[in-house]
Amino acid sequence: MSEASSSRLRQRRAEKATAATDITAIEHDDDDYNISPQNPTNRSELEKALDNEKASMAVVGVLTALAFATRFYKINHPDEVVFDEVHFGKFASHYIQRQYYFDVHPPLAKMLFGLAGWFVGYDGKFPFDNIGDNYSEAHVPYVGMRALPAILGSLTVPLVYAIMKECGYSTIVAAFSACIVLFDNAHIAQSRLILLDATLIFFMTMTMYSYIRFRKLRYQDFTLQWWGWLIATGTFMACTWASKVNGILTVVAVGIAVIVDLWDILDYRKGRSMEYFTKHFFARAAGFIVLPITLYLFFFWVHLAILSNSGPGDSFMSPAFQETLKGNELLLNSQEIRYFDTLAIKHKDTGVFLHSHPERYPLKYDDGRISSQGQQVTGYGHDDPNNYWQVIPTKALPETGRGRIVRHDDVIQLLHVATDTVLLAHDVASPLMPTNEEFTTAKKDDQAKYNDTLFQMKLVDGHEGEAWKSKSGHFRLIHVKTKVAMWTHTKQLPDWAFKQQEVNGNKNIMDKTAVWFVHQIIADETGDDFKDRVGDKPDTPPKKRNFFKKFAELQLSMLQHNVALTASHPYASNPINWPFLISGISFWTANADQKQIYLIGNLIGWWTCVGALSLYSGITLASIVVRRRGIETLPEPVMNRLWNSVGFFFIFWAVHYFPFFLMGRQLFLHHYLPSHLVSALIAGAMLSFVLSETVNYPISIPGPQMQRSRIRERTYADLGTRGPIIVGVFAVVMLGLFLYLAPVTYGTPGLDGETVNSKRLLTTWLLHFQAKETGEVV
Amino acid sequence: MSGTVRARRPASPPPGLPHAAPTSQRFPHPRHDHLDADARKEAASRGLLPSRRTHASGGLNLVPAEWKVLVVIVLLACIVRLFRLSQPNSVVFDEVHFGKFASKYIKSEYFVDVHPPLAKLLITLAGFVFGYDGHFDFKDIAKVYDHVPYVAMRMVPATLGIATVPLAYLTLRALDCRATTALLASLFIIFENGMATQSRYILLDSPLIFFTALTVFFWTCFTNEDKHEQFTDSWWTWLALTGLSLGAVVSCKWVGLFTIATVGFGTIAQLWILLGDLRVTPRLWVRHFMARALCLIVIPVLFYMFMFWLHFLILSNSGDGDGFMSSEFQHTLRGRQMADTFADVAIGSEISIRHVNTQGGYLHSHPHNYPGGSHQQQVTLYPHRDSNNDWRILNATHDSESDIEWTSKPLTYVTSGMRVKLRHISTDKCLHSHDMRPPVSDVDFQNEVSCYGMPNFAGDANDDWVVEIEKGDRRDRESTHRLRTLRTQFRLRHALSGCYLFSHKVKLPEWGFEQQEVTCNKNAVRANSLWFVETAFHPNLPQDAPKVNYRLPGFLSKFLELQQVMWTTNAGLTDRHMFDSRPDAWPRLRRGINFWVKDHSQVYLIGNPLIWWLSTAAVLSYIAVRGFLILRAKRGYKDFENTKVVKYDALCGFLFLGWGLHYFPFYLMSRQLFLHHYFPALYFAILLSCGVFDLVTSTLRPRPRLYIATFLLVLAIWNFVYFSPLAYGSRWTRADCEHARWLKTWDFAW
C-alpha cells in the first residue's frame, strides 16, 4: 500500500471510534475498492492454497462432475411412468401434438419438456395414463425428456457453490453448501424424473445468483455490467415464475430485497438526491416489474400459439375461448338457433337436460307445504324425447331470413313438445327449497297464465343483438315477471319425481351455476331439413381472440383450480414437518422385485440445515437484544455479513416456506425443496461464522459511487485446518447416508423386507414392502 | 411544519415577564389545573410554568363539570338504546341460538357452542332472576315470545351497550384529548345505528364491545400511570384491571383474542423501550416483565378457565351437545353414565367396540345391504347404544366348530397378534373385507368392509383380523399385553390384505341411515384406525371378576377437550349464509344483515353511514399521513421532534393498531363472517376519527371547535333518526324504505 492510503487507514480508525457511540445506526455497506486476490501472511497455508482461482476451479469441477454422475446414474430406470410424470409427460405430448390442455401451472417448464421431447424425436402418442405404464414397450424416448431436469438439477450444484463464493465465503465453505445439495436424495430423486421442481429450483438459484452479482455492482451503477445483471435477474425471475405457480414466491423474495435496497438509498444519511433515487427506482421498476411481466406474458403467448388444436383442456374454458381452437366441437357444431327450432337444453354444471313429464307435483309435501300441483319440470341426465323444447317467439317475425334468429335479451316461451305445454314459473315455493320458485308448465293457450310463461334469454357476456347458438351460447333464462333465473342443483326430488333433479327459480339471477346451453338442435319448424342449414357450411376456421383476454381467462381459471386442489392425498403433509423430514412421498413401486422410489432427503443434510437456521435466528435475536442494551459483541464486518448477506438468504428461505402454512390446498414435501436449497446456503454461512472469527471483507466491486469516508479495513476469513477436516468428514458422512438411502432414491435394486425396515430411519417414513414386525415388545 | 417547530415555547418564561414563583397568584389553583390542552396552552402562552400538581389516578384529569356531562350522556344513551326494547316481541336473528342456550343453562342440559360462556351466562342470569324456566324453544326467527322474560334478557346487552358510551368518553380523555372530542366520540357511539341495533337483542356482540372498550380504557390508564411512576398501588390496580377485563373479553367471544393481541403489542413496545433504557437494570426489567406476565397472561387465563368451570358446573345433565364429546366426557354427564363392565376380554366375549378418534360411535351392523359393491350387509359406525353393536370375538386359528369351542374351554385372553373373527351377534355374520371399493370413499387404497356369512358357516379367511395392540393404559400393566376393556387401544389388521379397519368423518347416504362409513384402509391414518372395547361380557367369567369403568376426567382435561371441540366446530362453519359477507365489504358498509321481518316492519343491521364512512376515512387518512411522515423522516425532515406530532402519532397509532388487529385477521378466516364482526374494529375507528378531529381542530379556538362538533353531531343524529326504523323495527312506509336505500347493495326486505 502507498503512503497515502495507509494514512487514510489511520484516519479511518479514529472516525470509527466516534461512530461506535451511535448504536442505533446499523451500517449496511460493505465498502472498499480493490478486490485483488491477495493473501496476507496471517492466513493459514491451507486457506491460502484453497482460496485461489485454480483450486476453486478444481473444486467446482469435481462438484459438477459428481452432480452429473449422481443425477444421471441409471436415469433410464424405471422405464415406467413415475408419480406426476403422468401429468407432465402428458402435457409434453400435448405440446408436440399441439392439443390444448389445461393445468394449474404456468407453461415454461412444461414447454421445455415438450421441446426436449421434440428434440429427441418423441411423437407425442404415448397416453401417460397410469403410474407404472411402460415406456420401453411403447418406444418413448423418455430418457431425453428426463435428461432436461437432470441437467438443470446438476447445474444447480455449481451454482450454489458460485453463490457462496460470490458472497465472500471460503472455497471450503462454498463446497460445504454445495455438498448438502449434491448428496441430497430428495433433490436427486426429484431431478431425475419429468417433474417441474428441478426447473423451478434451477431458475430460482439463477435469480439469486444474478441478484447477488447485481448487488455487488452497486458502486458502479448504470454501467453495462450493472444493467446486464439487472436484466438477468429479471429474466430468471420471470422464468421461475413461469415454471410453476410457487415461482411467484421468488418474485416476492426479490421484491422484498429490492425494497430494502431502495429504502437504504432513500436514507438521507447517505446523502443521495431525490433524482438519484428516482433513477434507481425506475431502473428497478423496469428490470424487476416490467420485464418479468412481459416475459411471463410472452411465455403464455407461446403456449397459446403452440396449442392451437382442440384438446382435453377445452371444457375448462369459455365458449369464446374454445372457438379459437382448431377442431373444437363448438366451432364445428355450433349453429345459430331460429325461432320454432326444437332444442335439448342442458345445465352447464350438473350436465342434466331440462325435462318435463305428465306427472304432477303432489299437492302437499312432507313438511306440510302446498304445491301448485302443476306438471313437473325436472333435470334428467339421459337423452329422452321429454327433453325437447320448442322456442316460441313473443314478437312478429319475418317470413324468412336472419330475422328469425333468436338473439340476446329476446323474450321467448319454451314449449314442451311431448305434452304441448309451455314452461312457467310463479310465486309458489319449489318442492325442496322454500326460498326458490317452483317451475311447472301451463296449457299452451291458457291466456291467464301467459305472463308467467315469458322468459328472457340472456347470453353470458352477451352483447346487443348477439345470436343464440347451440353449444357455445351459454345463457341464463330469466323469468320476466318475477325476476328469477332457471336453476338446478344436485339435490334429487323424492320418488314421486323418479329421483330426478329439482329445477327451480333462483332469486340470485347472477348465480354462477344458473347457466345453461343448448346441447343440440333436434328439429326446426318444418321438420328436419335444418341439416341443410348446416350441411353446406365448410370447415369453420378458428376464430381470433385478443391474446390478453385469453390470458386473463386462463390465469383466472388456473388460480381457481389451484385453490380447489384440496382433496386429501395419502402422502400429502403439513408444512411444519418439512424441515425435519418427517415423511416423504412414495413415487413408484414395482411389486415383482420389491423396488420403490420414495422421495426423502438426506437426513444429516436436512437436520444440519435446521440447526443452522435455528443458530442464525438465535444469533440475530440475541444480537438485537444485546444491541438494545448498548453492547457490541461482533465486529462490524461479521455483523454486516450476517445482516445483509445471510439476511438475504433468510428472506428467500422464509418467503419460500411460510406462505405454505396459509394454503388450503394439498401440500407435499417437494414444495420445500427450494427452501431447503436456500437453507443449505445459510448452513454454509453459519459454518463460516462458527469456524472463523473474520470474514472475507469487503467483497463488493468498488466504483465511483463509493463514499470514501466509509472505507473499512480489509479482513480475510480463515478457517484454519479445522475447516477442511470438518467439511471433509461431513462430506464423507453425507455421501455414506446418501449411498445408504440410494436404493429408494434410484428405485433399484429391490429390497427385502428387513432391509426396507433398516432404511426406515424415522418411524414416520411410510416405505413399502416393510417386513412385518414380529413379537413387538412393549 | 418547521413553523410549528419554531413556535415551540422555550422552557423558561420569556425575559419580559416576572419570574413566576411557586406561590404566585398567577398560578392557577391546582384544582383548576385539571384543564384540557387549551387551558394549559393559554397558561403557557402567558409564560406560566405548569404547576407541580398531583398526578390523577390513570391520568384522568376530569374537572367536576365533566362528571355532570357524563351523567347527561348516560341518560341520553339510556333513552336511545332502551327505547321500546320490548319491540319486536318475537325472536330476532341469533336470539334463536343465544336464547336457546340460556334455556339450556337453566335446564342444565349440556350443549356445545363455538363461543365461550361469559356473555351467555350473563344473559342466563338475567333470565333466571326474572323467573324464566327454560321452556321456550327459540325455534325460528319471528316466533312470538310466550312467558319469556325476554326484555330482561335483552337488558343485559343493552346495559352493556349503554356502559360503552361513557367508556369511550373516558378513554379519549385518558388519551389526553379535549373534552369536546371525548363528547363527540361518546355521542357517535350512542347514535351508531349498528351498535344500537346490536345491543338491543340477545346477542353476544354488545358484551364483547363493552369489554373491549373496558380493556382499552384500563390499558390507557395503565400506560399513563406507567409513564408517571411505576409500581405504585394505582399502577398495580390498573394493570390487574386490564388483565381481568382481558379475561372477560376473551370469555365472551374468541374475537377477544384480538384485544389481547392489541394489549400484547402495547406491552411489547413498553418492554422494548425499557430494554433500551440503560438506566433500567436487568433486575428491574425482569420485575417489569414478571408484573406484566402475571397480570396480562396469568389473570386472563385464570378468569377464562373459571368461566368454563362455572359452565361445567351448571351443565351437569346430558343434552344435545353430548355427541361432540369423547366417551369419557359424556360419562361425567348425568343420564349418560354407563354401568361397570368386565375388564377382561377373552375368546367368546360379547363386546362393543368404539372408534377412538371420531365421535362416530360403535362398530355397528344391521340387516340392510350395500346397494353397490358386494351387496353384502352394511357395517357402519353408530353413535347410540344398541344391540346391533354387539360382537362376539372368536378365535380364527381353529377352523371348525369355533362356536362350541369357547364355551367349553378355559378362558383364553385376547392378546396382541392373535387372529380373530368378529361375529355380529344379532345377524350371525362375520366382519368381512375384500378387494372391493367402499361405497363412498371410492379410492384404490380403501377396501369395503361388510358382514358376511350364514348361521352354520364358519366363514372364510377374509373374515380374519389380527389384533394389534397399540397403546395400553399406564396404570393397568396388563392392558399393553392383552385386550382390556376401555384401557387398551388396538388396531385390527385384515389378515389377508393387510389393510386396517378404519373410519373417518364421512357419512353414508340415506341407504346407510347417514351413519359413518367404515372401511379397510391400506394407508390408514394411525389415529383413525384405533379402536377400543367399551363393554365386555363373558358367561364363563365369575361375577366377582374385576370390573372397570371410564375414568372421570378432571376439570383440566374437560376444559382442553372442549376448547378443541369449539375450535374444530368453529373452523367447520363454512356454509354460506344469505347475509354473510367478506371483510373487504365492511369498512365500506356495503351491505347489512336482515335480522327480522314481520308484518311490514323489519330489523336490519346497518350502520350510521356518516359515522361509519367518517371512521373509515379517518383510518385511510391516518395511513396516508403516517406513510408520508415516514418517507419525510427518511429524507431527513425532523417532524418527529415536534411534540404535537409525537403526541398525536402515539394516540392515533395506538387506535390504528387496535383497528388493524381487530380487522385484518378476519381475512385469514375462511368461516362464514358477518358485518357484526367489524364492530370492535369500528369502535377503534370511531375513536380514531375523533382523534383526527382533535388534531385537525387543535389550532382553533374552543368555540369554533364546538361549532364543528355540533355540526357533525347534528348530521349524525339526522342519519340515525333517518335509519332508526330499521333498528327499532318500527313501522315504516314503503316509500321511506325505498328512499333510504342509498346503496344498491343494501337489501332491505320489502
Side-chain angles (χ1 to χ4, degrees), chain A residues 23-24 130-131 262-274 276-277 433-435 491-492 494-495 499 507-508 511 563 566-573 583 585-586 589 624-631 659 661-664 763-764 766-770 772-778, chain B residues 271-282 285 415-417 441 443-446 466-472 474 477-482 488 491 493 495 498 504-506 509-510 521-526 528 571 574 576 578 630-638 667-670 747:
Chain A
I23 51 161
T24 48
N130 294 305
I131 295 180
L262 283 177
W263 193 239
D264 267 353
I265 296 177
L266 193 62
D267 193 342
Y268 75 102
R269 283 173 297 183
K270 290 270 156 78
R272 310 286 196 200
S273 66
M274 269 322 268
Y276 180 81
F277 172 78
M433 303 178 74
T435 50
K491 260 225 171 107
Q492 289 173 345
D495 283 327
K499 304 244 165 176
K507 286 186 178 135
N508 178 9
D511 195 304
V563 172
T566 53
S568 75
H569 187 282
Y571 289 99
S573 52
S583 62
I585 309 167
S586 173
T589 52
I624 291 175
V625 171
V626 161
R627 204 181 259 267
R628 186 80 188 158
R629 293 302 290 180
I631 307 164
F661 284 95
L662 299 180
M663 289 186 198
T763 46
T764 43
L766 294 170
L767 294 171
H768 285 270
F769 315 119
Q770 289 166 30
K772 298 286 175 270
E773 281 158 59
T774 45
E776 191 177 314
V777 183
V778 188
Chain B
L271 289 174
W272 185 242
I273 289 167
L274 282 173
L275 189 67
D277 186 350
L278 295 182
R279 289 167 305 179
V280 176
T281 59
W285 191 84
T415 55
S416 193
S441 305
V443 282
D444 57 3
F445 55 88
Q446 304 231 40
V466 177
V467 178
E468 291 184 0
I469 289 181
E470 202 65 26
K471 202 169 94 190
R474 237 178 298 133
R477 296 193 56 81
E478 287 286 283
S479 63
T480 45
H481 303 295
R482 62 187 177 86
T488 311
R491 307 216 280 174
R493 178 161 51 83
H504 48 175
K505 279 209 182 321
V506 169
E510 252 168 69
N521 193 330
K522 287 175 197 158
N523 294 317
V525 181
R526 194 178 213 78
N528 273 342
T574 49
R576 293 302 303 273
M578 274 282 263
I630 291 174
L631 282 177
R632 272 174 64 90
K634 197 74 189 169
R635 292 306 294 168
Y637 295 90
K638 309 260 183 253
Y667 280 96
L668 298 180
M669 294 187 194
S670 48
D747 41 3

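Residue numbers start from 1 in every chain, and the chains themselves are labelled A, B, ... in the order their sequence lines are given, proteins ahead of strands.
Between the CD1 atom in A/Ile624 and the CH2 atom in B/Trp272 there is a gap of 6.0 Å [rounded to 0.5 Å]. With values rounded to the nearest 0.5 angstrom, A/Ile265 atom CD1 is found 11.0 Å from B/Lys634 atom NZ.
Note: A/Trp263 leads A/Phe277, A/Trp263, A/Tyr571 in heavy-atom pairs under 4.5 Å with chain B.
Residues A/Arg628 and B/Ile273 approach most closely at NH2-CA, 3.5 Å, considering heavy atoms. Minimum interatomic distance between A/Met274 and B/Arg635 (heavy atoms only, all atoms of both residues): SD-NE, 3.5 Å.
Residue-environment remark: NZ (B/Lys522) exceeds the threshold of 12 foreign heavy atoms within 6.0 Å.
Neither the backbone nor the side chain of B/Tyr637 comes within contact range of chain A; no heavy atoms are under 4.5 Å apart. Using a 4.5 Å cut-off between heavy atoms, B/Asp277 contacts chain A through its backbone alone, with no side-chain atom that close. For a residue to count as touching a neighbouring chain, one of its non-hydrogen atoms must lie under 4.5 Å from one of that chain's; by this rule A/Ser273 touches chain B with the backbone only.
In this structure B/Arg482 satisfies the salt bridge (Lys or Arg N to Asp or Glu O under 4.0 Å) test together with B/Asp344, B/Glu478, sequence neighbours excluded.
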